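Predicted model, so just to flag it, every value in this text is computed and none were measured. Computation of the quantities below employed the complete heavy-atom set of this structure, encompassing side-chain atoms and omitting hydrogens, waters and symmetry-equivalent molecules.
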Amino acid sequence: MSLFFVGGNWKMNGNKESLGGIISTLNTASLLVLPSEVVCGAPSIYLDFARSSLDLRIGVAAQNCYKVAKGAFTGEISPAMIKDCGVDWVILGHSERRHVFGESDELIGQKVAHALESDLGVIACIGEKLEEREAGTTEEVVYAQTQVIAENVKDWGKVVLAYEPVWAIGTGKTATPEQAQEVHEKLRAWIRANVSDDVANSVRIIYGGSVTGANCRELASQDDVDGFLVGGASLKPEFVDIINARK
């Protein structure tokens, strides 16, 4: 059984006071960090604050980065800057980056390649929109997104794949455990066929999309669900219950 991975994506929320409260809750909670790996995705301006405040058993992730080390790219941050804050992870390809900010599969692939070359771990996000699920093209969409990511990965040991159906992010709707398991199982089969058996057996495929303290245990019980990428609930005390979902 792979090390359960729980990421909290704080998105563009919080200030030092409110995030400090969340950090205090996590630092003092009884966490099953083994067999779990926990990483909190902080806004870039608070990466230093999060890393210096969180217990070292909890990792920190940037929510995005650019595809090169430095240059005239106003408002962007590089993997080198992220590493300089003592942070070891980055979230790339999140649906909000794809659909709010217009990032292409190609750009996300370039970011993945550079982040990995810079020795950052990558939480790489994929997922279909509601109209794509209703049109029956879920597999086609997530396979295409995964293909571009796979083309840019040399060391899968530093990659976590996050399946996040866009229609279930921040909507209160959640894929049923059966729906999540179905896509995760098919993704693992795709990796087996297109990358290798070893990677298919070892890569963690985590689920994101309105994960809460109420639904996390049933989701965690699915064979191919290796953890979660949690949005809103990661800003609440119930995040502790989600971290401890696989008991």
Side-chain angles (χ1 to χ4, degrees), residues 1-9 35-37 91-99 105 108-109 112 122-151 153 156 159-234 241-247:
M1 185 175 287
S2 60
L3 199 63
F4 202 63
F5 187 101
V6 181
N9 182 6
S36 297
E37 185 169 2
I91 301 168
L92 292 174
H94 192 280
S95 65
E96 290 152 7
R97 299 304 312 177
R98 294 176 187 271
H99 303 305
D105 285 348
I108 292 161
V112 167
V122 173
I123 303 168
C125 303
I126 57 174
E128 82 282 11
K129 294 186 286 188
L130 180 60
E131 57 265 34
E132 292 166 337
R133 174 163 279 269
E134 290 178 340
T137 60
T138 293
E139 292 170 43
E140 182 182 333
V141 171
V142 297
Y143 291 167
Q145 292 171 345
T146 306
Q147 174 72 45
V148 178
I149 291 165
E151 289 169 355
V153 175
W156 281 90
V159 178
V160 173
L161 200 58
Y163 169 60
E164 296 198 305
V166 182
W167 48 271
I169 298 175
T171 62
K173 296 179 180 178
T174 311
T176 65
E178 293 76 21
Q179 286 174 317
Q181 167 59 22
E182 180 184 18
V183 177
H184 283 226
E185 186 177 15
K186 288 179 177 177
L187 274 168
R188 204 175 299 281
W190 184 94
I191 293 167
R192 192 175 304 282
N194 293 275
V195 183
S196 74
D197 284 341
D198 286 347
V199 171
N201 292 335
S202 63
V203 70
R204 288 173 290 184
I205 305 176
I206 64 176
Y207 172 76
S210 298
V211 178
T212 67
N215 62 29
C216 62
R217 286 182 185 268
E218 193 175 1
L219 284 162
S221 70
Q222 303 302 305
D223 288 345
D224 289 289
V225 175
D226 301 316
F228 304 117
L229 185 55
V230 185
S234 69
D241 297 324
I242 297 170
I243 292 168
N244 292 336
R246 183 190 274 181
K247 283 190 175 178

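Between the side chain of Arg98 and the main chain of Cys125, a donor-acceptor pair closer than 3.5 Å is present. No donor-acceptor pair closer than 3.5 Å links the side chain of Arg133 to the backbone N or O of Thr138. Under a 3.5 Å cut-off, the side chain of Asn9 and the backbone N or O of Gly231 do not form any donor-acceptor pair. Side-chain N or O atoms of Asn215 include one that pairs as donor or acceptor with a backbone N or O of Ser210 at under 3.5 Å.
The shortest heavy-atom contact between Ile242 and Val211 is CD1-O, 3.9 Å. In terms of heavy atoms, Val195 sits closest to Ala150 at CG2-CB, 4.3 Å. Ala168 approaches Ala175 most closely through the heavy-atom pair CB-N, 4.2 Å. Val225 and Ala180 get closest at one heavy-atom pair: CG2-CB, 4.5 Å. Across Tyr207 and Pro165, no two heavy atoms sit closer than the pair CE1-CD, 3.5 Å. Minimum interatomic distance between Ala162 and Ile123 (heavy atoms only, all atoms of both residues): CB-CG2, 4.1 Å.
Considering CG of Leu161 and CZ of Arg204, their distance stands at 11.5 Å, rounded to 0.5 Å. Here the straight-line distance linking atom CD of Gln179 with atom CG of Leu219 works out to 10.5 Å at 0.5 Å rounding. Annotation: the span from Trp156 atom CH2 to Ile149 atom CD1 amounts to 7.0 Å, rounded to 0.5 Å. Atom OH of Tyr163 is separated from atom CD1 of Ile206 by 13.5 Å, given to the nearest 0.5 angstrom. Lys129 NZ to Thr137 OG1: the interatomic distance, rounded to the nearest 0.5 Å, is 10.0 Å. Phe4 CZ to Ile243 CD1: the interatomic distance, rounded to the nearest 0.5 Å, is 10.5 Å.
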*Residue pair Trp167, Glu128: steps toward the side-chain hydrogen bond (donor to acceptor under 3.5 Å, both in side chains) verdict*: CA-CA 8 Å; Trp167 48 271; Glu128 82 282 11; 3.0 Å; yes
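You'll find the side chain of Thr176 stays beyond 4.5 Å of the side chain of Gln181, heavy atoms only. Using a 4.5 Å heavy-atom threshold, the side chains of Asp226 and Arg246 count as touching. Looking at heavy atoms from C-beta onward, Ile108 lies out of side-chain contact with Val148 at the 4.5 angstrom threshold. Between Glu96 and Ile169, some side-chain heavy-atom pair lies under the 4.5 Å cut-off. The closest side-chain heavy-atom distance from Asn194 to Tyr143 is not below 4.5 Å. For the pair Arg192 and Asn201, the minimum side-chain heavy-atom distance is below 4.5 Å.
Under the side chain to side chain contact (heavy atoms under 4.5 Å, CB included) rule, Leu187 has a single partner from Val203, Asp224, Val142, which is Val142.
Residues Asp223 and Arg188 are not paired through a salt bridge, judged by the lack of any N-O separation under 4.0 Å between the basic side chain and the carboxylate.
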